[in-house]
Amino acid sequence: MPSSLQCINCAQQYPIQRVIYACEACGGLLDVRHDFDALRKPISTDTFDDRLGTFEAPYNSGVWRYKELVYPGIDDGSIVSRMEGNTNLYVLPRVAAFAGINTLFLKHEGENPTGSFKDRGMTTGVTQARILGMDRVACASTGNTSASMASYAARAGMQGIIFLQNQQIALGKLAQGIAFGATCLQIDADFDRNMELVRLVSEKLGVYLLNSINPFRLEGQKSIMFEALQQLRWQVPDWIVVPGGNLGNSSAFGKGLLEMLEVGLIDRLPRLAIIQAEGANPLYRHFNSGFRQFEAVKAETIATAIKIGNPVNLQKAIRALEWTSGVVEEVSDQQIMDAKAIIDGVGIGCEPASACSVAGTKKLVERGIIKRGDTVLGILTGHVLKDPEATIAYHADQLADLSPMYANRMRQVDANLDEIVRVLAESAPSASDYT
Ligand code: F0G
């Protein structure tokens, strides 16, 4: 029996074919457990290094390259893949200098097929939906999960049903859900309420739920760690820095890192730093209270992707923090947008929530928690085109309560040669702009 579901609180086990999202005995979150002992032999850095650059499915995917750790034993024919993953790891000295450290690697998960890391979880989630014979899948979303689910559902011939907060979704994400043919429900409720609603509707109608409470999502998202470590030639950085919303990614990172240690791919664990927006910081508050009494918050931030006040993966994220001696930090919308302008300005770009990784690193360096000489791997979670309104409003200084530190102002110019030459002479760059 290679894989099973297991409660993270009471260790109750369930067969992998069961459609459940919480323990029936105690209500705890579920893990997918694989029997690595039975599979230990094929799991080595050589196996994964040999697959690099292959055109052969499913190993051409940056998720399924690690199939033995993601979902061993399943028939390759059942896999729904868009060759997700295979994202770049950037070394960006100017961004590192902004954050106050010497060595910063940024892994750009916005380079996935639908522009966010969600594709890594959707390939495994929709594959499981297909294995279970589902024809309808659903999620509540701040936009990226829905964009990704809509794409993978369409590829698998399933109906995608998405619960969106009215008026609060970035345009790039909304456009994707509609374009990929999902049934889009705009609901007058925030993400946290939509999450409750989609759970009820899924149960009532027998629709397969593909939010990150579904443990198969996290099995795919673990591969961000596998791939990053492979790109670092299996050398462990001191820190992994990641934005935290519903806390699926942070939970997946903790599990993936521990499994890599267990099977001997790495020899120590990095420390995890989870970064939240100040206006959507329930984990940050909980962390600072020594994990005593958890309180949900009413979320508000310009980083709409992480506008979440009651994260479903809380217990798994706490576990990941404990395993990795992790920390939680918060950053303001101003810090998020300024860090984004720096990441955008070096020609890489990301959506607002992603910039938490850099803004949070900077703050942790200022607080002396991350040291200048530490090696940091930050995750950029979404593509710059996801939220064009926020980017344009920042550079035009149109965001309330925020003054852009790095605005690139558009210039209105008459259709006249002399006028254009005059304006360009005024805005000649200095060499330092390009370092
Ligand atoms: N960054 C981006 C770009 C996201 O879209 C999300 C989550 C996060 C960070 C936070 O990740 O939830 O695993 O802690 N977006 C979800 C969505 C909630 O519906 O697209 P998390």
Side-chain angles (χ1 to χ4, degrees), residues 87 107-112 114-122 125 138-151 160 162-165 168-170 172-174 176-177 182 190-192 194-195 198 209-215 217-218 220-222 224 240-256 272-277 280-284 299 301-314 316-318 320-321 328 331 336 340 343 349-360 378-387 390:
T87 58
K107 184 159 179 63
H108 206 325
E109 287 298 301
E111 295 173 353
N112 269 290
T114 75
S116 83
F117 68 92
K118 306 288 180 179
D119 296 341
R120 293 190 186 253
M122 247 359 123
C139 68
S141 182
T142 57
N144 281 324
T145 301
S146 53
S148 181
M149 192 190 77
S151 166
I162 53 198
F163 289 50
L164 300 168
Q165 181 178 6
Q168 282 286 334
I169 171 171
K173 307 176 188 183
L174 179 60
Q176 287 176 295
D190 64 9
F191 173 84
D192 299 296
N194 275 334
M195 191 65 236
V198 76
L209 181 59
L210 277 177
N211 279 101
S212 54
I213 192 153
N214 182 322
R217 281 271 315 276
L218 304 193
Q221 288 172 213
K222 290 186 314 193
I224 300 174
I240 311 276
V241 188
V242 63
N246 221 8
L247 304 177
N249 242 2
S250 354
S251 301
F253 290 7
K255 185 169 190 279
L272 190 62
I274 304 175
I275 315 299
Q276 296 206 293
N281 63 355
L283 180 69
Y284 173 78
T301 168
I302 191 168
T304 52
I306 50 171
K307 211 182 118 190
I308 295 174
N310 192 12
V312 296
N313 289 297
L314 179 74
K316 286 185 179 175
I318 294 172
L321 288 166
V328 186
V331 287
I336 290 172
K340 172 174 149 56
I343 301 159
C350 64
E351 68 161 285
S354 310
C356 283
S357 297
V358 170
I379 310 299
L380 299 179
T381 46
H383 196 281
V384 68
L385 288 177
K386 287 283 192 174
D387 192 349

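Order of appearance sets the numbers: ligands from 1, and atoms from 1 within every ligand. No experiment lies behind these values; they were computed from the predicted model shown.
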Ligand-side contact atoms (ligand 1) for residue partner [X], heavy atom cut-off under 4.0 Å:
| X | value |
| --- | --- |
| I308 | 18 (C) |
| G244 | 14 (O) |
| T142 | 15 (N), 16 (C), 17 (C), 18 (C), 19 (O), 20 (O) |
| N144 | 2 (C), 3 (C), 4 (C), 5 (O), 20 (O) |
| G248 | 13 (O), 14 (O), 21 (P) |
| E351 | 3 (C) |

Looking only at protein heavy atoms, which one is nearest to [atom], and what is the separation?
| atom | result |
| --- | --- |
| atom 16 (C) of ligand 1 | K118 NZ, 2.9 Å |
| atom 1 (N) of ligand 1 | T381 OG1, 2.7 Å |
| atom 4 (C) of ligand 1 | A305 CB, 3.5 Å |

Distance-only, no hydrogens or angles: does the [X] side chain make a donor-acceptor pair with backbone N or O of [Y] under 3.5 Å?
| X | Y | result |
| --- | --- | --- |
| R217 | L210 | yes |
| D387 | A390 | yes |
| T87 | E109 | no |
| N246 | V312 | yes |

Legend entry - Option with minimal heavy-atom separation from atom 13 (O) of ligand 1, where the choices are I306, I275, N249, N246: N249

Based purely on interatomic distance, does [X] place a nitrogen or oxygen under 3.5 Å from a nitrogen or oxygen of ligand 1?
| X | value |
| --- | --- |
| S141 | yes |
| F117 | no |
| T145 | yes |

Inset, instruction - Consider only side-chain N and O atoms of K118 and Q221, and report whether a donor and an acceptor are under 3.5 Å apart. - result: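 No, Q221 and K118 have no side-chain donor paired with an acceptor closer than 3.5 Å.
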
Legend entry - Polar side chain donor-acceptor pair, Q165 to D190, under 3.5 angstrom: no

Inset, instruction - Could you give me the CA-CA distance, side-chain angles and deciding distance for I306 and Q276, then say whether side chain to side chain contact (heavy atoms under 4.5 Å, CB included) is met? - result: CA-CA 8 Å; I306 50 171; Q276 296 206 293; 5.9 Å; no

Inset, instruction - Taking only Lys NZ, Arg NE, NH1 and NH2, and the carboxylate oxygens of Asp or Glu, determine whether K173 and E351 approach each other closer than 4.0 Å. - result: yes

